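Only one structure is covered here, and it is reproduced in the block below.
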2 protein chains.
Amino acid sequence: MRRAIEYKKKARVLLIDDNYEHLTGIKEIISMEGEFDVVGTSTSANVGISLAKKTRPDIILMDINMPEKDGLQAIQEIESLNLGTRIICLSGYDDADLIFRAMKLGAKGYVLKTMASGQLIYAIEEVASGKIYLPPALCSRFIEYFQTSFKEESASSSDEENLLSYLTQREEEVLDLLTQGITYKGVASKLFISETTVKTHVNNIFQKLQVNDRTQAVLYAINNGFTNKKKALMSKI
Amino acid sequence: MRRAIEYKKKARVLLIDDNYEHLTGIKEIISMEGEFDVVGTSTSANVGISLAKKTRPDIILMDINMPEKDGLQAIQEIESLNLGTRIICLSGYDDADLIFRAMKLGAKGYVLKTMASGQLIYAIEEVASGKIYLPPALCSRFIEYFQTSFKEESASSSDEENLLSYLTQREEEVLDLLTQGITYKGVASKLFISETTVKTHVNNIFQKLQVNDRTQAVLYAINNGFTNKKKALMSKI
DNA sequence: TTATTTATAGACCAAAAGGTCTATAAGTGG
DNA sequence: CCACTTATAGACCTTTTGGTCTATAAATAA
């Protein structure tokens, strides 16, 4: 588990925690372990971000419960800088929502402050070596949260009373063109039919979808899983 | 169906694996452990699903690399039945995409076939007790996949050349109402301004977003992160 | 102060959208 | 064969949209 190879580069670590006691405590723990190099400490998120830009550390240990600026925001800012820095969250809470948001923003680890110091060291080692570290209990929380989010979403978008299923193929083709913001004239020429026919189809679509105009039809289509890039990304089976 | 008259209820397990050798092997491992009750086995996904309906097991161990019917589909079907059964995937591959899709469909665990039998027992125990079990290495894979999916999505939707940022507050309010499929008249009465004013705003919006009509404006708004339920769900910071 | 932006609004007009009714040809299922 | 659905399309009409031009008051920036 622990690498004893001395010639290996020490991982450069930056600490950000508004609680000074805690900050120095962690610094000591990490420094004692000869493996890491603490290149900076900060009790403020903003100063921490500046330090990150200057020192470009390998790892940031970031407290995410800070007043002034939210730790999550700090993660977002640092991630958007693309410094190649890997962020580990330090938190007092194992709240699923917090964990989810932190990981979504690109955190590479999440450890609780109540954790034994040996585990913290292990987490840093893991993350420094390119892995992601989430303690099993938190991983479980994270995935539960992830699953319920998706269950809600698919439930709301299926509802099994999807009016889109009543459309004929031709109507679907027309709707598809409508969702691209094309006029009747345009649809007519694309489908090689007359403008009147398009209007007839559109009227039928409106009735089937129970809407009054194209904007509402397009909205219904998008919200109910009618070909949509974003959905495809996250929902391939 | 025999009832085990024991102090602690044994977890009832159903096994689905198209490889018969493997199936019997697992059955033996599980049965030896006095803790579980194998209530059925199947080498076919479809039969397995029927068995699940009949026996309503606590746990299903499901091979997800089966010919005939995909294990993922089977998971989806069983989950949609809401039997209260918790599914653990058995797979020969630690492919991130597979893991992600399985968990997204509601699997409660994912273990590799190469795993030591003791670990399999542990996984079943964990899942049976209501937790989610993903071995650390797979959890890491899962989260990496999750993060890259979201990075792509936010990258494509920000691009930092977001025309929406040029809109004034008032124009945003108007656009917001447009994205609900409301007419000029409706917008006017909601904002307590004249219809003409609405039209002026809308024209400005079109120019700023470089579109020609409301449908295209609405599409632009949705595809570029303008208040949208689905996004909100998955992207609160 | 002057220029610019923002929100407001009127007038006029053309194009597009939407509603309703009718009608025909092809295909499907009893 | 008859009823039904689907795709096609014309006629007529109203409402909504969108385009352009002008204009005023308030706030803001140069």
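Fair warning: this is a prediction, and the values are worked out from it, not measured in the lab. Computation of the quantities below employed the complete heavy-atom set of this structure, encompassing side-chain atoms and omitting hydrogens, waters and symmetry-equivalent molecules. We name chains A, B, ... by the order of the sequence lines, and we start the count at 1 in each one.
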Note to self: Checking B/Tyr93 against B/Asn65: is there a side-chain donor and acceptor pair closer than 3.5 Å?
What the structure shows: no

Next item on the list: Nearest 0.5 Å please: distance from the CZ atom of A/Arg170 over to the CD1 atom of A/Ile193.
Entry: 5.0 Å

Check: Given atom CD of B/Gln216 and atom P of D/dG18, what is their separation to the nearest angstrom?
Finding: 10 Å

Next item on the list: List the steps, then state whether ring-ring contact (aromatic ring centres under 6.0 Å, His included) holds for A/Phe100 with B/Phe146.
Entry: CA-CA 11 Å; A/Phe100 185 81; B/Phe146 168 80; 5.5 Å; yes

Note to self: With a cut-off of less than 4.0 Å, is there a side-chain N or O of A/Tyr184 near OP1 or OP2 of C/dA15?
What the structure shows: no

Check: Is B/Thr196 near enough to C/dT8 that one of its side-chain N or O atoms lies under 4.0 angstrom from OP1 or OP2?
Finding: no

Next item on the list: Look at all strands and tell whether B/Thr197 reaches a base, only sugar-phosphate, or nothing, counting heavy atoms closer than 4.0 Å.
Entry: base

Checklist line | Distance test, side-chain N/O of B/Lys199 to OP1/OP2 of D/dT17, below 4.0 Å | finding: no

Next item on the list: May I ask you to verify if any side-chain N or O of A/Thr168 is less than 4.0 angstrom from the OP1 or OP2 atom of D/dT5?
Entry: no

Margin query: Please tell me if A/Asn203 has a side-chain N or O lying less than 4.0 Å from either OP1 or OP2 of C/dG18.
Written below: no

Next item on the list: Between B/Glu171 and A/Val202, just flag the one whose closest nucleotide in DNA chain C comes earlier from the 5' side.
Entry: B/Glu171

Next item on the list: Hey, which sits more toward the 5' end of DNA chain D by its nearest nucleotide, B/Asn212 or A/Lys208?
Entry: A/Lys208

Note to self: Looking only at the side chains, is there a donor atom on one of B/Ser91 and B/Tyr110 sitting less than 3.5 Å from an acceptor on the other?
What the structure shows: yes

